[in-house]
Amino acid sequence: MNVTAGDPAPDFTLQDQDGNDVHLADLRGAPVVIYFYPKDDTPGCTTQACGIRDAWGELQDAGAQVLGVSPDDVDSHRSFADKFDLPHRLLADTDREVMETYGAWGEKTLYGKTVVGVKRSTVLVDAQGTVAKVWKRATPKTHADALLKALGDLG
């Protein structure tokens with residue numbers, strides 16, 4: 001990742017699945033989870049997003065804002081969110097600028113081959129806008145549990 005714990009979180013503006021601009025700086029005052037994932041409606045990404053959906057009440061109790069970011073467009077995000085009843089915002093980073101800034105885009109190993117793409121990773125930003133924790137590799141099945149633990153450690 002290009003960001004590490006203790007760094008100020010790089011600001012950005014991206015559109016969510018409803019076409020609304022989301023500015024990271026506007027979310028100060030609450031912890032923000034930014035998770036980067038490869039593609040809407042694929043097995044690992046669906047597992048990860050639905051795990052967040054299923055833990056939504058606990059994430060809300062922790063005061064967290066949750067943003068999923070992928071290179072898919074707004075329409076793809078809308079379909080994905082509707083299909084799986086996802087309560088959190090999905091942000092379209094079609095030019096991959098935010099993913100590159102955060103280090104979530106680049107070379108990775110996939111099935112033994114080196115490819116360029118999204119690195120499934122997550123950044124937790126504290127209420128003051130500072131990176132509190134970075135997961136260089138997020139595990140879809142246990143991601144929500146890891147987020148809840150880290151949010152508990154913030155408080």
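Positions are given from 1, in the same order as the sequence printed here.
Between atom NZ of residue Lys141 and atom SG of residue Cys50 there is a gap of 13.5 Å, rounded to the nearest 0.5 Å. Within the model, atoms OG of Ser70 and CZ of Arg120 stand 10.5 Å from one another, a figure rounded to the nearest 0.5 Å. Atom CG of Leu59 sits about 10.5 Å away from atom CG of Asp54, to the nearest 0.5 Å. Residue Asp26 holds its CG atom at 10.5 Å from CD of Gln65, rounded to the nearest 0.5 Å.
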For this session: Show your reasoning for whether side-chain contact (heavy atoms from CB on, under 4.5 Å) applies to Leu14 and Val98.
Result: CA-CA 9 Å; Leu14 292 173; Val98 173; 3.8 Å; yes
Problem set entry | Criterion side-chain contact (heavy atoms from CB on, under 4.5 Å) on Val66 and Arg89, from CA distance to verdict | CA-CA 7 Å; Val66 179; Arg89 289 179 281 188; over 6 Å; no
For this session: Determine, stepwise, if the pair Gln48 / Tyr37 fulfils side-chain contact (heavy atoms from CB on, under 4.5 Å).
Result: CA-CA 9 Å; Gln48 184 175 19; Tyr37 66 99; 3.9 Å; yes
For this session: Under the side-chain contact (heavy atoms from CB on, under 4.5 Å) rule, what do His77 and Asp40 come out as? Steps first, then yes or no, please.
Result: CA-CA 7 Å; His77 285 336; Asp40 291 338; 2.8 Å; yes
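Within the 4.5 Å cutoff, the side chain of Asp41 has heavy atoms near those of the Phe84 side chain. Between Val22 and Thr13, every side-chain heavy-atom pair lies at or beyond the 4.5 Å cut-off. Within the 4.5 Å cutoff, the side chain of Trp56 has no heavy atoms near those of the Leu86 side chain. Side-chain contact check for Ile34 versus Thr122: every heavy-atom pair is 4.5 Å or farther apart. Put simply, the side chain of Leu147 reaches to within 4.5 Å of the side chain of Ile52, judged on heavy atoms.
In Glu97, the CD atom is not crowded: 12 or fewer heavy atoms of neighbouring residues, nucleotides or ligands sit closer than 6.0 Å. Atom NZ of Lys108 has more than 12 heavy atoms from other residues, nucleotides or ligands within 6.0 Å.
Across Gln17 and Leu90, no two heavy atoms sit closer than the pair OE1-N, 2.8 Å. Closest non-hydrogen pair, Pro31 versus Leu124, comes out as CB-CD1, 4.3 Å.
Evaluation of the side-chain contact (heavy atoms from CB on, under 4.5 Å) rule for Pro8 yields no partner, not counting sequence neighbours.
Proximity of a side-chain donor or acceptor of Thr46 to a complementary backbone N or O of Thr42 within less than 3.5 Å is detected. The backbone N or O of Pro43 sits less than 3.5 Å from a side-chain atom of Thr47, completing a donor-acceptor pair. Checked by atom type and distance alone, the side chain of Gln15 never pairs as donor or acceptor with a backbone atom of Ala92 at under 3.5 Å. With Asp93 contributing its side chain and Pro71 its backbone, the two residues share no donor-acceptor pair below 3.5 Å. Here the side chain of Asp18 pairs no donor or acceptor atom with the backbone of Asn20 at under 3.5 angstrom.
Side-chain heavy atoms closer than 4.5 Å link hydrophobic residues (I, L, V, M, F, W, Y) into clusters, and following such links, even through other members, never connects Val74 to Phe12.
A donor-acceptor pair shorter than 3.5 Å can be found between the side chains of Thr4 and Asp7.
Using a 4.0 Å cut-off between charged side-chain N and carboxylate O, Asp85 and Arg53 make no salt bridge. Under 4.0 Å is where a charged nitrogen must lie from a carboxylate oxygen, and between Asp153 and Lys149 at least one such pair does.
Under the 6.0 Å cut-off for aromatic ring centres, Tyr35 and His88 qualify, their centroids lying closer than that.
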